[in-house]
Undergrad: 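Below you will find the structure I want to go over with you.
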Amino acid sequence: MIKEEATRLVTIKDIAELAGVSTATVGRVMGNYGSFSDRTRKKVMDAAEQLNYIPNAIAKGMRNQSIKTIAVLIGSIKNNFFSEITYSIEKEAMSKGYNVLICNTHEDVGQEMKQLRNMYSKRIDGIIIAPAYTKDQKIRKEHLGLYKGEIPTVFIDREVNGIGGDLNLIRSNNIDGAYACTKYLIGLGHKQIAVIGTKRYSTVFERIQGYEKALLESNIPFNPKLIAYCSCLEKEEIMSTTKKLLDTQKEVTAVLVLNNSLIARVLMEVQKRNMLFPEDLSVIAWDDDDINELLGITSVKQSVDTMGTLAARRLFQMIEDPETREKSERIALETEFIIRNSCGVPRT
């Protein structure tokens, strides 16, 4: 049985006892402040190494005004988009010597605010956030400080009502991306084009704007019954939403899936109905990954790696040069339309 003494964290008191110096001297050596001799420094550092001492980053940060740590708040790491963007942020952070805390909000505003309060209490250096607010929600005035407070903050993918225009935001050009793929379907002869998306986040709202724009230009009436919303995480809900859409809107010949986390379940429902694509139903997915390439799914590809890298670089600029926080930066990255084999002329 392992004794508790063997598993507890080593303190500066332990180092002081082994090195034969005071705890204050250990503090000065570890914090690299005050005066001490080279001989004393060697004794302290040798003792720390012998004891496998792990420095307290929080305590050190209170002296240096930095704990070299940023937080990334995302809806869910299960969403491939968030996994990829977090990976690119982490790569950039590592190159700058920063640690990354990944916080899942589960697309819940209350949980998001709880995480933000926690980050402020930890004196975190900066925050990158994909907010959980939908297009219909607005930040209350008393909560605004969590999103536009003293900690540098960069928004990715989504924006929020009530926060004002002076925010740092890195996102995709959602309107043009959705417009392009809708025009492609219309060019194949489709008029009854359905859309399946997640909750009405600003991204989904913008993509539907692009879809509507393409319909309008082609003199095709917009039918709100062809728009379906569902959760991006629950398998049963995605399949039941797809089933209900195809059951009630039998004239549909094409589907635009506005989140790649939905595509597998949408296709499972299509397969369950013994439908084939593109013969019975043309399909386009938003975002792209290996499964889309394997199955030949036509996709709208976002520059996810670039989005994460630019967000991290902007955040570190704000952290290291406070004067740059005075001017906000908004970037909309262009999407790429990848044509594969999942779309064809509408069935007759």
Side-chain angles (χ1 to χ4, degrees), residues 134-136 157-159 161 171-230 232 238 240-263 265-267 269-270 273 275-288 292 295-303 332-348:
T134 65
K135 185 67 177 176
D136 306 315
D157 191 41
R158 307 166 181 168
E159 55 184 319
N161 283 332
R171 61 181 177 87
S172 293
N173 188 336
N174 294 291
I175 294 177
D176 286 359
Y179 170 83
C181 61
T182 306
K183 286 288 282 187
Y184 172 73
L185 289 171
I186 293 170
L188 291 173
H190 294 276
K191 294 183 178 180
Q192 301 299 322
I193 305 168
V195 174
I196 301 177
T198 55
K199 296 177 184 177
R200 284 170 56 88
Y201 300 112
S202 64
T203 47
V204 174
F205 181 79
E206 290 165 3
R207 291 165 197 170
I208 292 176
Q209 280 185 299
Y211 161 82
E212 286 189 64
K213 179 183 175 184
L215 294 179
L216 181 64
E217 282 189 6
S218 303
N219 296 314
I220 299 173
F222 172 73
N223 182 359
K225 292 182 179 179
L226 296 182
I227 311 295
Y229 299 99
C230 60
C232 63
I238 298 167
S240 65
T241 299
T242 306
K243 180 179 186 302
K244 181 179 179 181
L245 176 68
L246 296 178
D247 281 346
T248 59
Q249 308 299 320
K250 296 184 183 296
E251 72 280 12
V252 167
T253 60
V255 175
L256 173 56
V257 183
L258 294 183
N259 186 299
N260 210 45
S261 295
L262 307 176
I263 190 66
R265 307 308 180 190
V266 170
L267 294 180
E269 178 58 32
V270 171
R273 303 166 77 89
M275 298 175 73
L276 300 175
F277 65 86
E279 293 85 353
D280 300 314
L281 188 72
S282 291
V283 179
I284 295 179
W286 192 278
D287 280 330
D288 192 47
N292 295 39
L295 296 177
I297 305 295
T298 296
S299 304
V300 179
K301 183 178 181 180
Q302 298 188 91
S303 302
L333 301 171
E334 295 304 320
T335 58
E336 179 185 359
F337 186 42
I338 303 174
I339 299 174
R340 296 195 178 102
N341 306 317
S342 63
C343 298
V345 297
R347 63 182 185 271
T348 54

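For clarity, every value in this text was computed on a predicted model and none was experimentally measured.
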Undergrad: I'd like to know if the side chain of R207 and the backbone of L258 have a donor-acceptor N/O pair within less than 3.5 Å.
TA: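 Checking the backbone N and O of L258 against the side chain of R207, a donor-acceptor pair under 3.5 Å is found.
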Undergrad: Indicate the atoms forming the closest heavy-atom contact of Y229 with T241, along with that distance.
TA: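 Distance-wise, the nearest heavy atoms are O-CG2, 3.8 Å.
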Undergrad: Contact between T203 and N259 at the side-chain level, heavy atoms closer than 4.5 Å - yes or no?
TA: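 Side chain of T203 against side chain of N259, heavy atoms only: no contact under 4.5 Å found.
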Undergrad: For Q302, run the side chain to side chain donor-acceptor pair (under 3.5 Å) check against D288, T335, D287, N260 and tell me which one passes.
TA: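 Testing Q302 for a side chain to side chain donor-acceptor pair (under 3.5 Å) against D288, T335, D287, N260 leaves exactly one candidate, D287.
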Undergrad: Would you compute the distance between atom CD of E217 and atom CG of N219 and round it to the nearest 0.5 angstrom?
TA: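 Going from the CD atom of E217 to the CG atom of N219 covers 9.5 Å.
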Undergrad: How far apart are the closest heavy atoms of L295 and F277, and which atoms are they?
TA: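 The pair with the smallest heavy-atom distance is O-CE1, 3.9 Å.
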Undergrad: Are R265 and E269 within salt-bridge range, i.e. N to O under 4.0 Å?
TA: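 No, this pair does not count.
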Undergrad: In Å and rounded to the nearest 0.5 Å, what is the CD1 to CD1 distance from I263 to I196?
TA: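 Spacing of CD1 (I263) from CD1 (I196) equals 8.0 Å.
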Undergrad: C343 and L185: which non-hydrogen atoms are nearest, and at how many Å?
TA: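 Of all heavy-atom pairs spanning C343 and L185, the closest is SG-CD2, 3.9 Å.
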Undergrad: Look up atom CD1 in I186 and atom SG in C181, then write down how far apart they are to the nearest 0.5 Å.
TA: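 These two atoms lie 10.0 Å from each other.
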Undergrad: Decide side chain to side chain contact (heavy atoms under 4.5 Å, CB included) for S299 and R340; before the verdict, give the C-alpha distance in whole Å, the side-chain angles of both, and the deciding distance to 0.1 Å.
TA: CA-CA 8 Å; S299 304; R340 296 195 178 102; 3.5 Å; yes
Undergrad: For side chain to side chain contact (heavy atoms under 4.5 Å, CB included), just list the numbers for K243 and R273, CA-CA rounded to whole Å, side-chain angles, deciding distance to a tenth of an Å, and then say yes or no.
TA: CA-CA 9 Å; K243 180 179 186 302; R273 303 166 77 89; 3.7 Å; yes
Undergrad: Checking the side chain of N161 only, and the main-chain atoms of K135 only, is there a donor and an acceptor separated by less than 3.5 Å?
TA: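 Answer holds: yes.
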Undergrad: Working to the nearest 0.5 angstrom, can you tell me the gap between L216 CG and Y211 OH?
TA: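 If I round to the nearest 0.5 Å, the distance is 12.5 Å.
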Undergrad: Okay, side chain of H190, backbone of G344: is any donor-acceptor separation there less than 3.5 Å?
TA: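 Yes, H190 side chain to G344 backbone: donor-acceptor pair under 3.5 Å.
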Undergrad: Begin with the C-alpha distance, continue with both residues' side-chain angles, and end with the deciding distance and a verdict on side chain to side chain contact (heavy atoms under 4.5 Å, CB included) for E336 and S303.
TA: CA-CA 8 Å; E336 179 185 359; S303 302; over 6 Å; no
Undergrad: I want to check something: taking the side chain as every heavy atom from C-beta on, are E212 and V195 in contact at a cut-off of under 4.5 Å?
TA: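 In short, these two side chains do not touch, never coming nearer than 4.5 Å.
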Undergrad: Below 4.5 Å, heavy atoms only, C-beta onward: do L281 and V252 meet side chain to side chain?
TA: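 Side chain of L281 against side chain of V252, heavy atoms only: contact under 4.5 Å found.
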Undergrad: Would you check if T298 and F337 make a side-chain contact, meaning some heavy-atom pair closer than 4.5 Å?
TA: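 Contact flag for T298/F337 side chains = yes.
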Undergrad: For the NZ atom on K301, are there more than 12 heavy atoms of other groups (residues, nucleotides or ligands in this structure) within a distance under 6.0 Å?
TA: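 Counting other residues, nucleotides and ligands, NZ of K301 stays at 12 neighbours or fewer.
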Undergrad: If we only count heavy atoms from C-beta on, is the Q249 to Q192 side-chain gap below 4.5 Å?
TA: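 With C-beta onward as the side chain, the pair stays apart.
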Undergrad: Quick one: closest heavy-atom pair of I175 and E206, and the distance?
TA: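 Looking at all heavy atoms of both residues, the closest pair is CG1-O, 3.3 Å.
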Undergrad: Grab the two heavy atoms, one from S202 and one from D157, that are nearest each other, plus how far apart they are.
TA: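 Scanning both residues completely, I find the closest heavy atoms to be OG-O, 4.4 Å.
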Undergrad: Roughly how far, to the nearest 0.5 Å, is the CD atom of E251 from the CD1 atom of I193?
TA: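 So the gap between those two atoms works out to 12.0 Å.
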Undergrad: Yes or no on side chain to side chain contact (heavy atoms under 4.5 Å, CB included) for R200 and I227, after CA distance, side-chain angles and deciding distance?
TA: CA-CA 11 Å; R200 284 170 56 88; I227 311 295; over 6 Å; no
Undergrad: Looking at every non-hydrogen atom in both residues, tell me the closest pair between L188 and P346 and how far apart they are.
TA: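 That would be O-CD, 3.3 Å.
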Undergrad: Can you tell me which residue among V257, L267, V266 is in a side-chain contact (heavy atoms from CB on, under 4.5 Å) with T242?
TA: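 Exactly one option meets the side-chain contact (heavy atoms from CB on, under 4.5 Å) with T242, and it is V266.
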Undergrad: Rounded to the nearest 0.5 Å, what separation is found between the CG atom of L226 and the CG atom of L256?
TA: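 Between L226 CG and L256 CG, I get 11.5 Å after rounding to 0.5 Å.
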